[in-house]
Amino acid sequence: MSLDEEREDLRFGVEKSIRYHSRMAGRYRAIHRFLMFLTIVSGSAAFADAASISHIWGLSAAVIAAFSLVYAPGDTAARHRNLRNRFSDLEISIEVEHDADLSLLKERRLRIEQDEPPVFWALESDCYNEVCLAWGRDKGFTKIPRWQRLTMYFLRHERVS
């Protein structure tokens, strides 16, 4: 494999990672906002409702807030945004620094990857397919079973091949 082909493969993988972390950040940001919405609505209903069921609204607000605190979707979204930004910086270096040592660029990629949380493999494969399509690579698409496509944001699955 030539140096240019290695550089293109590196850029391809980095772009896939950027898409992956953008989608994961969006997912966790949406979950965080939804949980905050439920907490506010439940807490407001408990405050406004003086009837006997007000304790249910208060309890649901506490449970939702506790779940949000423990699950921390806002923090996870920020983590994925940070990873996306680090991969974006690497992509800029690959594009701009044509005389940069390829082994150093690969090392930077590996250092970013060591900070990644466990991978949602069906989503990763979907991002791979997305980059293939964007780059005009008709071959190499990964077939993702329908049930994995439907659950790719919630289950890690086995690596799709």
Side-chain angles (χ1 to χ4, degrees), residues 1 5-43 59-97 100-137 139-161:
M1 182 180 289
E5 289 172 329
E6 283 187 61
R7 187 177 292 277
E8 280 300 298
D9 280 351
L10 178 62
R11 202 174 126 245
F12 183 93
V14 167
E15 184 171 331
K16 175 188 52 80
S17 294
I18 291 168
R19 290 171 188 251
Y20 176 86
H21 290 294
S22 292
R23 289 169 70 174
M24 289 298 284
R27 168 194 177 224
Y28 283 107
R29 190 172 39 251
I31 290 170
H32 177 69
R33 286 182 177 161
F34 181 69
L35 291 174
M36 291 301 97
F37 170 79
L38 289 179
T39 302
I40 291 167
V41 168
S42 298
L59 178 63
S60 66
V63 168
I64 294 165
F67 179 79
S68 181
L69 183 65
V70 171
Y71 187 57
D75 294 344
T76 307
R79 182 178 186 187
H80 282 285
R81 278 192 308 274
N82 177 274
L83 287 163
R84 180 200 60 213
N85 292 342
R86 290 171 64 194
F87 276 114
S88 292
D89 289 342
L90 177 56
E91 183 179 40
I92 290 167
S93 295
I94 294 168
E95 283 295 310
V96 174
E97 302 169 18
D101 186 357
L102 190 57
S103 63
L104 292 176
L105 294 171
K106 287 180 179 180
E107 179 187 353
R108 280 180 58 193
R109 179 185 181 186
L110 291 172
R111 291 194 185 282
I112 297 169
E113 288 175 347
Q114 76 184 11
D115 292 337
E116 290 182 304
V119 175
F120 284 76
W121 288 110
L123 177 61
E124 192 271 354
S125 293
D126 195 48
C127 292
Y128 175 87
N129 290 345
E130 217 176 70
V131 177
C132 280
L133 190 63
W135 283 33
R137 292 186 179 179
K139 297 179 182 173
F141 272 42
T142 302
K143 178 142 176 59
I144 304 168
R146 182 178 299 267
W147 74 275
Q148 288 185 5
R149 184 170 293 287
L150 293 172
T151 59
M152 69 182 164
Y153 285 101
F154 304 103
L155 301 175
R156 295 199 193 285
H157 301 292
E158 294 295 319
R159 186 173 200 146
V160 180
S161 51

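All values derive from a computational prediction rather than experimental measurement.
Under the side-chain contact (heavy atoms from CB on, under 4.5 Å) criterion, A78 pairs with R81, sequence neighbours left out. For V119, the side-chain contact (heavy atoms from CB on, under 4.5 Å) partners at least two apart in sequence or on another chain are Y20, W121, E124. The side-chain contact (heavy atoms from CB on, under 4.5 Å) search around T39 returns M36, I64, A65, not counting sequence neighbours. Legend: residues meeting ring pair (Phe, Tyr, Trp, His ring centres under 6.0 Å) with F120, ordered by chain and number and at least two apart, are absent. Residues passing the side chain to side chain donor-acceptor pair (under 3.5 Å) test with W147, sequence neighbours excluded: none. Scanning for salt bridge (charged side-chain N to carboxylate O under 4.0 Å, His left out) contacts around E130 gives R19, R23, with sequence neighbours left out. Partners of S88 by side chain to side chain donor-acceptor pair (under 3.5 Å), not counting sequence neighbours: none found.
No hydrogens or angles considered: nothing links the side chains of W135 and E8 as a donor-acceptor pair under 3.5 Å.
The distance from atom CG of L90 to atom CG of L105, rounded to the nearest 0.5 Å, is 6.0 Å. A distance of 10.0 Å separates CD1 in I31 from OG in S68, rounded to the nearest 0.5 Å. In this structure, CG in L102 is found 12.0 Å from CD in E97, a value given to the nearest 0.5 Å. Of the inter-residue distances, the one linking Y128 atom OH with L123 atom CG reads 15.5 Å to the nearest 0.5 angstrom. If you take NZ on K16 and SG on C132, they are separated by 10.5 Å, rounding to the nearest 0.5 Å. R7 contributes atom CZ, which lies 13.5 Å from atom CE of M1 (distance to the nearest 0.5 angstrom).
Residue pairs meeting the salt bridge (Lys or Arg N to Asp or Glu O under 4.0 Å) criterion with at least one partner in residues 24-35, sequence neighbours excluded, are absent. Residue pairs satisfying the salt bridge (Lys or Arg N to Asp or Glu O under 4.0 Å) criterion with at least one member in residues 105-118, sequence neighbours excluded, are listed as follows: E6-K106, R86-D115, E107-R111, R109-E113. Identified under the side chain to side chain donor-acceptor pair (under 3.5 Å) test for residues 71-80, with sequence neighbours left out: H21-H80.
Under the 4.5 Å side-chain criterion, counting only non-hydrogen atoms from C-beta, I144 is in contact with N129. Here the side chains of F34 and P73 are not in contact, with every heavy-atom distance at 4.5 Å or above. A heavy-atom distance below 4.5 Å is found between the side chains of P117 and L83.
For F37, the CZ atom sits in a loose shell: 12 or fewer heavy atoms of surrounding residues, nucleotides or ligands are nearer than 6.0 Å.
Closest of all the heavy-atom pairs between R137 and D9 is NH2-OD1, 4.1 Å.
At least one donor-acceptor pair closer than 3.5 Å links the side chain of R156 to the backbone N or O of P118.
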